[in-house]
K.L.:
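Right, I'll just put the structure down here and ask away after.
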2 protein chains.
Amino acid sequence: MAYRETAKTRAKADERRTRIEQAARHVIARGGIAAASIASVAREAGCSSGLIYTYYSSRDELLRVVFARAAGHELAVVEAAVESASNAADIVDSVVEVFVRRAVTGRTLAYALLLEAVPESVQIERMALRRGYVAAIASGIEGRYQTTTSAEVAARALVGSIAENLVDVLDPAKEPPSVSAVEALITELSVFARTAIGEQ
Amino acid sequence: MAYRETAKTRAKADERRTRIEQAARHVIARGGIAAASIASVAREAGCSSGLIYTYYSSRDELLRVVFARAAGHELAVVEAAVESASNAADIVDSVVEVFVRRAVTGRTLAYALLLEAVPESVQIERMALRRGYVAAIASGIEGRYQTTTSAEVAARALVGSIAENLVDVLDPAKEPPSVSAVEALITELSVFARTAIGEQ
DNA sequence: TAAACAATTGAAACACAATTCAATTCTTTG
DNA sequence: CAAAGAATTGAATTGTGTTTCAATTGTTTA
């Protein structure tokens with residue numbers, strides 16, 4: 001008699017949802033959160049503005065979901081780096097390297113994840129990402145090395161040290177850094193971090 | 001024949017301007033940049049919204065001026081702490097102590113200065129503040145102590161370490177930290193920072 | 001194919017603060 | 001005091017982007 005929801009229908013809806021999230025991610029990676037208006041995400045996704053509201057209750061909600069997914073991905077990379085390292089010095093080296101290289105490669109996304117002005121709901125996800133980084137590093141350091149201070153303070157300090165040294169590098173108003181500048185930064189941050197946790 | 005600008009007039013205008021900036025500072029200290037709408041600053045200053053545009057070309061400009069002044073004050077305090085210290089370990093100790101205590105005492109202002117989402121023009125002032133902190137610390141470290149890494153990277157890392165460890169402390173959604181938690185944080189950050197620069 | 005209803009559109013409505021400006025109030029000077 | 005003009009008001013306007021929803025298009029079933 002009539003149209004009813006079916007597997008095919010649901011699959012198509014899922015695809016649409018995915019397409020919208022991908023579009024939002026692309027727009028953010030290109031121009032930051034500021035560029036991710038409903039209209040521009042819709043344009044990128046090839047749909048109308050209205051349709052986005054079939055999948056998300058508001059712009060903030062869409063941004064929150066997309067941000068959380070991107071953050072989860074970044075965190076997983078850092079967690080993997082921590083896990084594959086064999087001692088505290090290795091951990092901080094890997095974290096510095098992975099963090100800086102990924103930030104430089106995906107400048108605008110990194111800027112959005114770390115520094116850009118974001119709506120409240122997204123800020124909450126950003127805090128969660130930072131807590132995730134800290135937890136990953138702290139757990140890595142804690143088991144294997146007796147630091148002079150609490151692993152949590154040290155882990156936070158490491159995250160802060162890296163992030164602060166990326167501020168200029170990620171500044172959208174500035175030119176991207178040269179390869180040699182990036183290498184130099186990685187080296188110096190590694191030395192600093194190893195010293196900071198009392199290794200070598 | 002007519003009314004013309006005079007010393008008294010100018011003095012009154014200056015007073016007005018000062019009153020508006022004070023009002024803006026109060027509003028920000030109470031509720032952050034987000035709370036500093038033109039209407040609420042006007043209410044606090046006891047004048048109309050329109051009058052603010054006699055003194056500032058836009059809300060962003062007002063915020064920029066007020067932020068820059070507050071930032072300058074904070075920076076001067078840190079610079080004084082650096083100058084009064086006699087060696088690298090003293091410098092980092094003083095900076096940690098002054099930074100953390102002031103942040104905790106003026107939580108909302110510190111949040112605005114360091115972490116809150118701000119308009120572009122204010123973000124530029126924030127960057128200047130951070131560069132100021134880095135320069136002050138770096139110059140202090142550089143002359144008196146041979147660090148393992150460049151003084152600039154170390155100074156940035158120190159600023160980042162402190163700021164990151166303040167994130168939870170300053171979160172407006174959270175309770176202010178207990179006195180003992182603040183003391184513990186200062187101690188731990190000091191130990192971390194001294195270790196980081198290679199001093200005991 | 002027709003009926004039933006879901007998916008999609010996109011222009012209009014809305015929200016919300018910044019900003020403007022005609023009208024009013026205040027100050028100064030001769 | 002009256003005229004000139006500056007200071008001030010605050011309601012109306014503007015700008016910008018989100019959100020809605022009546023109308024349209026697409027899909028499914030009998």
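Because only heavy atoms are used, hydrogens play no part in the values below, and waters and symmetry mates are left out as well, while side chains stay in. A note on names: the letters A, B, ... follow the listed sequences, proteins ahead of strands, and every chain is numbered from 1.
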K.L.:
Please report the distance, rounded to the nearest Å, between CD1 in B:I52 and P in D:dA7.
P.N.:
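It is 16 Å, rounded to the nearest whole Å.
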K.L.:
How do B:G50 and B:T9 order along DNA chain D: which one's closest nucleotide is nearer the 5' end?
P.N.:
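Checking each residue's closest nucleotide, the 5'-ward one belongs to B:T9.
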K.L.:
Considering only heavy atoms from C-beta outward, does the side chain of B:R130 approach that of B:L114 to under 4.5 Å?
P.N.:
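A side-chain contact under 4.5 Å exists here.
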K.L.:
I want to verify a distance call: between C:dT8, D:dT9, C:dT19, whose nearest atom is closest to the B:C47 side chain?
P.N.:
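Of the candidates, D:dT9 comes closest.
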K.L.:
Which nucleotide wins on minimum distance to the side chain of A:R16, given the candidates C:dT8, D:dT9, C:dT19?
P.N.:
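Closest of the options to the side chain of A:R16: C:dT8.
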K.L.:
Against A:E21, only a single residue in A:R16, A:R69, A:R64 fulfils salt bridge (charged side-chain N to carboxylate O under 4.0 Å, His left out); can you say which?
P.N.:
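Passing option: A:R69.
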K.L.:
Please check the phosphate of C:dA7 (OP1 and OP2 only) for any side-chain N or O of A:Y53 closer than 4.0 Å.
P.N.:
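So the side-chain polar atoms of A:Y53 never come under 4.0 Å of the phosphate oxygens OP1 or OP2 of C:dA7.
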K.L.:
What's the NZ-P distance between A:K8 and D:dG26, to the nearest Å?
P.N.:
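After rounding, the reported distance stands at 14 Å.
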K.L.:
Using the closest heavy atom to pick a nucleotide of DNA chain C for each, name whichever of B:S37 or A:A13 lands nearer the 5' end.
P.N.:
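Result of the comparison: A:A13.
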K.L.:
Could you measure the distance from the CG atom of A:D93 to the CZ atom of A:R194? Nearest 0.5 Å is fine.
P.N.:
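Output value for this atom pair is 4.0 Å.
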K.L.:
Report yes if a side-chain nitrogen or oxygen of A:K12 is closer than 4.0 Å to either non-bridging phosphate oxygen (OP1 or OP2) of D:dT27; otherwise report no.
P.N.:
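It does, given that an N or O in the side chain of A:K12 lies less than 4.0 Å from OP1 or OP2 of D:dT27.
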K.L.:
With a 4.5 Å limit on heavy-atom distance, are the side chains of B:E44 and B:R30 in contact?
P.N.:
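Yes, their side chains come closer than 4.5 Å.
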K.L.:
How many Å lie between OH on A:Y55 and C1' on C:dT8, as a whole number?
P.N.:
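About 9 Å, once rounded to whole Å.
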K.L.:
For B:I38 and C:dT20, give me the distance from atom CD1 to atom P, rounded to whole Å.
P.N.:
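Roughly 11 Å, once rounded to whole Å.
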K.L.:
Do A:I28 and A:T108 have side-chain heavy atoms sitting under 4.5 Å apart?
P.N.:
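No, too far: nothing below the 4.5 Å cut-off.
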K.L.:
In whole angstroms, how far is the C1' atom of C:dA17 from the CG atom of B:L63?
P.N.:
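Atom-to-atom, B:L63 to C:dA17, this comes out as 13 Å.
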K.L.:
Could you state the atom-to-atom distance from CZ of B:R43 to P of D:dT8 in whole Å?
P.N.:
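To the nearest whole Å, that distance equals 19 Å.
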K.L.:
Rounded to the nearest angstrom, tell me the gap between atom CD in A:E61 and atom C1' in D:dT19.
P.N.:
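Distance check: A:E61 CD to D:dT19 C1' gives 15 Å.
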K.L.:
Looking only at the side chain of A:S48 (C-beta and beyond, no hydrogens), which of the listed nucleotides D:dT18, C:dA18, C:dG10 gets closest?
P.N.:
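Nucleotide nearest to A:S48's side chain: C:dG10.
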K.L.:
Let me know the distance between CZ of A:R59 and P of D:dT19, rounded to the nearest Å.
P.N.:
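Nearest whole value for this atom pair: 8 Å.
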